[in-house]
2 protein chains.
Amino acid sequence: MSAAAHPASASVARVSTPPEGHTRTRNPRGQGDRLRDEIVAAAAAVLDEAGTAEAVTLRAVARRAGISAPSIYRHFPDPPAILLAVAQEAFEMLRHRLAEAAESERGGPTARLQAVCGGYLRFAEEHPSRYRVMFGGVWRADPDRGDSLTEASVLALGAEALEVLAAGLAECVADGTSLSTDVRADATALWLGLHGLAHQRAVAARFPWPEDIETRMVRLLASLDPAR
Amino acid sequence: MSAAAHPASASVARVSTPPEGHTRTRNPRGQGDRLRDEIVAAAAAVLDEAGTAEAVTLRAVARRAGISAPSIYRHFPDPPAILLAVAQEAFEMLRHRLAEAAESERGGPTARLQAVCGGYLRFAEEHPSRYRVMFGGVWRADPDRGDSLTEASVLALGAEALEVLAAGLAECVADGTSLSTDVRADATALWLGLHGLAHQRAVAARFPWPEDIETRMVRLLASLDPAR
DNA sequence: GGAGTGGGTTTACAAGCGTTAAGTTACACC
DNA sequence: GGTGTAACTTAACGCTTGTAAACCCACTCC
């Protein structure tokens, strides 16, 4: 089922060739960890280009990073661990994105909440494959794996995003623009709505969405006063 | 990345052994198409048990169906086509489920809408893997494939579900229990919200959802009068 | 009752995968 | 200036996968 195993449909270009010529020079003594970052970056690149997590194989990542496949074992116990690291990094990007959106918008609580939600959706739009891996991946709780990042910690990372939403919603309530009576629950509902939109967009780009679907969902789920 | 290619983590039981003993007898002359249904059923079974679409390989399906791998070619051009058929069948199940929910609930428009939404969510809960395939699968528009079911037709199938929601919402508006002023757009928003909830549940079962998250989302997105 | 064909099976191939074991090379340190 | 070891590479194994080619076999039809 992997692309590689479909010789007949192999018309698709191989996605993970090394960056052309540029032969790697081994990292100096103390800084072997630098390769770890390169591996994660290579995996993200493979994921983005192929569009599916199945393409992120050990060997594909190695090709992309310009190293040999076994070299990866020094940094990751197995292929899923690489994808986990990619997801972790993406969560950090998202967190940063949301914080930035919240900070830079100064037009009042409602505008701020809309900005945060817009940041969330724009992130998903710009990195659809990564978004799918973050929230669509099934992180099986494999007890016997050395890696630290499990389903639980992925959920924890997602919960951080939820905090930002809850804070924004709370502001709106304090301001009187939101009629929500249960900020926690409504923030969850809001996040789930955003997720539904973001995910479905990341999967089927061309769907006849209403033009104002973003603001509409935020307005409804955040119980924003339509009059304002 | 496929489970099979992970000999080290091959402690997981093989999922697609034939149903034990029961040797197949070839189908009679005119009814070769019967095997097609058996293949789809086998693929669905493999998908349900493995929990991931990657596991639905040509050979795994064949093992499960108790036939040889090449036999599948008589009925499907390639493995993705099998998954497509599974999705198609699942959409039909969903459609039936929603219609049933709408029919059997006689407690007024609001209750009916909630029942339809509940039916949607329960379907996703009962068939999480299939749900992920239906809405999470990336149906690349491969022009040179004989199969008829493409991304477009999957979207069309999904649109049917949307119709049922829109009808339910329209009833609520007519009844005065919904304050929606744009049924079409709000129905889309409602569906996206349901999808977000359904999908995230299908991925991370144990997340600290608010208890009333279902009704809450429906109430908010359908602009239902909270007083009632 | 022989031919033809629908409904499969057997066998085989090439490719890609994860993983192990055994090198190799360059640098830090004594 | 030798030694040890971090940071890799090469080579190879065993496995699963999709797919093509050839084959078999029961049944229908003339």
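All values reported here derive from a predicted model rather than from experimental measurement. Per chain, numbering begins at 1; letters A, B, ... match sequence-line order.
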Might you work through the side chain to side chain contact (heavy atoms under 4.5 Å, CB included) test for B:Met93 and B:Glu126, ending with a clear yes or no? CA-CA 12 Å; B:Met93 283 173 63; B:Glu126 288 168 17; over 6 Å; no
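The distance between atom CG of A:Asp33 and atom C1' of D:dC8, rounded to the nearest whole Å, is 14 Å. For the pair B:Tyr73 OH and D:dA22 P, the computed distance is 17 Å after rounding to whole Å. Nucleotide D:dT17 holds its C1' atom 14 Å from the CG atom of B:Asp78, rounded to whole Å. Here the P atom of nucleotide C:dG7 and the CZ atom of B:Phe76 are 15 Å apart, to the nearest Å. Rounded to an integer number of Å, the gap from NE2 of B:His75 to P of C:dG6 is 13 Å. When the C1' atom of C:dA15 is taken as reference, atom CZ of A:Arg63 falls 11 Å away, rounded to whole Å. The CZ-C1' distance, from B:Arg36 to C:dG8, rounds to 17 Å in whole Å. A straight line from CD1 of A:Ile39 to C1' of D:dC8 spans 11 Å, rounded to a whole angstrom.
Distance from the side chain of B:Pro70 is smallest for D:dA21 among the nucleotides D:dA21, D:dC8, D:dT9. Out of D:dC8, D:dG18, C:dG7, the shortest distance to the side chain of B:Arg74 is found at C:dG7.
Atom-to-atom distance recorded for A:Arg74:CZ and A:Ser71:OG is 8.0 Å, nearest 0.5 angstrom.
The aromatic ring centres of B:His195 and B:Phe135 sit less than 6.0 Å apart.
Using a 4.0 Å cut-off, no side-chain N or O of B:Ser68 falls inside it from OP1 or OP2 of C:dG8. Applying the 4.0 Å criterion to OP1 and OP2 of D:dT9, one finds that A:Ser71 has a side-chain N or O inside that range.
No side-chain donor-acceptor contact under 3.5 Å links A:Arg201 to the backbone of A:Ala124.
The base of D:dG18 sits within donor-acceptor range of the side chain of B:Arg59, with an N or O pair under 3.5 Å.
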